[in-house]
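Down below is the structure, laid out as C-alpha cells.
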Protein chains: 2
Amino acid sequence: MVPREDWNSVPYNMDWNDVPGMPWWRMSKRAHRSARRADALSKARIVEAAIEILDARGEAALTFRALATHLATGSGAIYWHIADRNGLLGAATGDVLARALAKVAKEKEPRVAIRAIALAAFDAIDAHPWAGAHLSREPWHAAVGEIFERIGEWLQPLGVPVHAQFDCASALTNYILGVAGQNAANARTLPRGTDRKAWLKGIASGWIQDDPESRPFLRRVAAQLSEHDDRQQFVAGVDFILAGACVKRNACSAMRSR
Amino acid sequence: MVPREDWNSVPYNMDWNDVPGMPWWRMSKRAHRSARRADALSKARIVEAAIEILDARGEAALTFRALATHLATGSGAIYWHIADRNGLLGAATGDVLARALAKVAKEKEPRVAIRAIALAAFDAIDAHPWAGAHLSREPWHAAVGEIFERIGEWLQPLGVPVHAQFDCASALTNYILGVAGQNAANARTLPRGTDRKAWLKGIASGWIQDDPESRPFLRRVAAQLSEHDDRQQFVAGVDFILAGACVKRNACSAMRSR
DNA sequence: ACCTGAACACCGTTCAAGT
DNA sequence: ACCTGAACACCGTTCAAGT
C-alpha cells in the first residue's frame with residue numbers, strides 16, 4: 001500500500017498502473033475511467049441534469065446543491081466542468097435551441113422558411129421557458145447569432161431591399177427575444193394547470209379598471225386578449241415585420257406623410 | 001415617566017398626548033409626525049431611494065441592506081410599506097415609465113404619435129435599464145397596459161384594418177419589451193465607458209468564427225452590426241410592424257404565395 | 001401604528017483537503 | 001486531474017421586541 005504522500009506525488013498525467021503498490025481500485029486509470037465513463041462527471045452530463053431540473057421544477061430550482069444531489073457529487077465538483085451558474089444556464093440554453101434549430105425542415109419558399117425558423121425558436125422556448133429568460137438576459141448568446149443568420153439568409157430571396165435587411169433581421173430577432181421573455185415570465189407565474197383564460201382576463205381588467213371611462217382600445221380588444229392563441233399571434237407579428245420590410249413605404253393612408 | 005407596559009397598552013389610534021407621563025419626545029403624535037414628515041418613511045420615499053440606487057449602481061446593488069442604510073432605517077421597516085423586492089422594482093418601474101409616458105407630446109399624425117410613444121418607452125428604458133429588465137420579467141405590469149393602449153388608439157386612424165389591430169398592438173408591445181430586455185442586458189454587462197463598437201465587433205466575430213466559411217449573412221452585415229445606432233434601429237422595427245399591418249399582404253414578390 | 005435589527009433559511013462560490 | 005464538502009460571504013424575509 002502506497003502512503004498518501006506518494007499518491008499525491010504521482011504526476012496527474014502519469015498512469016497509475018505504473019505506481020507500485022497502488023490498490024486495485026485505483027489501478028488502470030484508463031480502464032477504470034472507461035468502465036465508469038457512463039456515469040462519470042462531465043460538462044455534458046451536468047448540462048443534461050440541469051435541463052432535467054429546469055424543465056421539471058423551473059429556473060429557481062436549479063441550485064448547485066440540488067444539482068450536486070441529482071448527480072450524486074459535491075457542489076464544488078460541478079465548478080471543475082462549468083464556470084458558474086450563468087455558464088450552466090447558457091450551455092443548457094444552447095443545447096435546447098441548437099437541437100430545435102437543427103430539426104427545422106429545409107424549405108424553398110422564403111416566407112415559409114422564416115416562419116419555420118421563428119416557430120422552431122418559439123416552440124423550443126415554449127417548452128423550456130427558462131431558456132427564453134436566459135436569452136433575453138444574454139442576447140449575444142450563440143443561439144441568437146444562429147437565429148439571426150438563419151433568418152437573414154432568406155431576406156434577399158424574400159425580396160427585402162438590401163438596405164433594409166440588417167434592420168429587418170434585427171427587428172425579427174428583437175421580436176423573437178421579446179416573445180421569449182414574455183413566455184418565460186408567463187410560465188414562471190402561471191403554474192401548470194392554471195386557467196389561462198381567467199388569468200388573462202384578470203390582467204386585462206387590471207389594465208382597464210384604473211380609469212373606468214377611458215382605455216377604449218383595451219376595452220375593444222379585451223376579449224381577444226383573453227382568448228388569443230400565443231403561437232398564432234407570434235406568427236402574425238413575424239408576418240408584419242416581413243411585409244413591412246418589403247413594402248416601399250406609405251402603405252397606410254396615414255403613412256404617406258413620410 | 002410611564003413604564004413600558006403602559007406604552008404598549010396605548011391603543012395605536014389614541015393620541016399619545018392623552019397618555020399621562022408620556023415623555024415630551026413622544027408627545028403630540030400628530031405634531032411630531034408632521035414635523036418629521038419630510039423625512040418620514042413612506043412608500044414614495046422608499047421607491048425614490050430605490051431608483052437612486054438602481055440608477056447609480058445597477059439592479060444587483062438594490063439590496064434591502066443598502067436601501068435601509070440609504071434611508072437610515074432597519075431593513076424590516078421597508079417591509080411595512082412594500083410587499084417584497086419584486087414589488088419595489090415594480091413600483092420603481094411604474095414611476096419611471098409613467099413619468100416618461102406623461103411627457104409625450106400630443107401629436108396629430110398617427111405614425112408620428114406611435115413613434116413618439118415607442119421612443120418615450122425606449123428612452124426611459126435606456127436611461128433606466130433595470131426597468132426594462134423588470135418589464136420583460138413581468139409583462140403584465142400596468143406600464144405595459146399603458147403602452148398597449150396608447151399605441152392601440154392610433155391604429156384605427158393609421159389605417160390598420162380592424163381585424164389586425166390587436167395583433168399589431170401586441171406585436172409592437174412584444175417588440176418594445178424585447179428591445180427593453182436587450183438594452184437592460186447590454187447595460188448590465190457593458191459598464192459605462194466601455195468601447196461599444198469594439199464590444200459589438202467582438203460579438204459579431206464570436207457569432208461568425210464558428211465555421212469560417214459559412215454564415216454569409218452575418219459576414220455581410222457585420223459592419224452594420226458594430227456601427228448601427230440602437231435608437232434608429234428601434235424606430236425602423238416599429239415602422240416595419242406598422243407598415244406590415246397596413247399592407248394587404250403579398251407586398252414581397254416571394255410573399256404572393258399566400 | 002410604525003420601526004428596529006437580530007435571526008432564519010437560504011443562495012453561489014471558494015478552497016483546503018482528499019483520492 | 002478530479003472530486004468532496006465545509007466554510008464564506010452574501011442574500012430576502014420574518015418576527016419578537018421596542019417606541
Side-chain angles (χ1 to χ4, degrees), chain A residues 1-16 19 21-30 32-33 36-37 39-43 45-46 50 53 59-69 71-89, chain B residues 1-16 19 21-30 32-33 36-37 39-43 45-46 50 53 59-69 71-89:
Chain A
M1 199 64 115
V2 174
R4 274 177 195 170
E5 290 70 35
D6 283 308
W7 284 10
N8 281 334
S9 71
V10 174
Y12 293 126
N13 53 356
M14 182 185 179
D15 198 318
W16 284 357
V19 181
M22 181 63 63
W24 68 268
W25 53 276
R26 275 290 147 193
M27 290 287 278
S28 183
K29 190 181 163 195
R30 201 178 297 103
H32 184 65
R33 279 286 210 82
R36 282 189 59 203
R37 178 148 322 183
D39 41 63
L41 216 49
S42 69
K43 177 158 174 171
R45 253 176 60 75
I46 292 170
I53 293 174
E59 188 181 326
L62 183 71
T63 67
F64 278 80
R65 279 160 244 259
L67 192 55
T69 304
L71 288 164
T73 183
S75 60
I78 296 163
Y79 280 91
W80 189 264
H81 301 273
I82 237 114
D84 51 21
R85 196 183 119 104
N86 201 53
L88 180 55
L89 274 167
Chain B
M1 201 64 116
V2 174
R4 273 179 194 168
E5 291 70 36
D6 282 308
W7 284 10
N8 280 334
S9 70
V10 175
Y12 291 127
N13 53 357
M14 182 185 179
D15 198 319
W16 284 358
V19 181
M22 182 62 63
W24 69 268
W25 51 276
R26 275 289 147 193
M27 292 285 281
S28 184
K29 189 180 162 194
R30 201 177 298 102
H32 184 65
R33 279 285 211 80
R36 283 191 59 206
R37 177 144 328 178
D39 40 63
L41 214 51
S42 69
K43 177 160 175 170
R45 253 177 60 74
I46 293 170
I53 294 174
E59 189 182 327
L62 182 71
T63 68
F64 277 81
R65 278 159 245 258
L67 192 55
T69 305
L71 289 164
T73 183
S75 60
I78 296 162
Y79 280 91
W80 188 264
H81 300 273
I82 237 113
D84 52 20
R85 196 182 119 104
N86 200 54
L88 180 56
L89 275 167

Side chain of S75(B) (C-beta onward), nearest among dT14(C), dT14(D), dC3(D): dT14(D)
Nearest heavy atoms of A68(B) and G74(B), plus distance in Å: CB-C, 3.8 Å
Gap between atoms CZ and C1', on F64(B) and dG12(D) respectively (whole Å): 7 Å
CG on D84(A) to CD1 on I78(A), rounded to 0.5 Å: 12.5 Å
Interatomic distance where OH belongs to Y79(B) and C1' belongs to dC8(C) [whole Å]: 13 Å
d(CD1, I78(B); C1', dG5(C)) in whole Å: 12 Å
Sugar-phosphate only, base, or nothing, as touched by L67(B) at under 4.0 Å among non-hydrogen atoms: nothing
Rounded distance (nearest 0.5 Å) linking atom CG of L67(B) with atom CD1 of I46(B): 7.0 Å
d(CG, N86(A); P, dC11(C)) in whole Å: 18 Å
R65(A) side chain to S75(A) backbone, donor-acceptor under 3.5 Å: no
Whole angstrom value for the distance that separates P of dC3(D) from CG of L71(A): 10 Å
Distance, rounded to the nearest Å, where H81(A) contributes NE2 and dT14(C) contributes P: 16 Å
Identity of whatever pairs with dA16(D) - Watson-Crick or G-U, under 3.5 angstrom: dT4(C)
Worked check of side-chain contact (heavy atoms from CB on, under 4.5 Å) between T63(B) and I53(B): CA-CA 9 Å; T63(B) 68; I53(B) 294 174; over 6 Å; no
Who pairs with dC10(D) - Watson-Crick or G-U, where each distance is under 3.5 Å: none
R85(B) CZ - dC11(C) C1' separation (whole Å): 13 Å
Closest-nucleotide ordering on DNA chain C, the 5'-leading residue of G76(A) and R65(A): R65(A)
W80(A) vs dC3(D): side-chain N/O to OP1/OP2 distance below 4.0 Å: no
Rounded distance (Å) that lies between atom P of dG12(D) and atom CD1 of I82(B): 14 Å
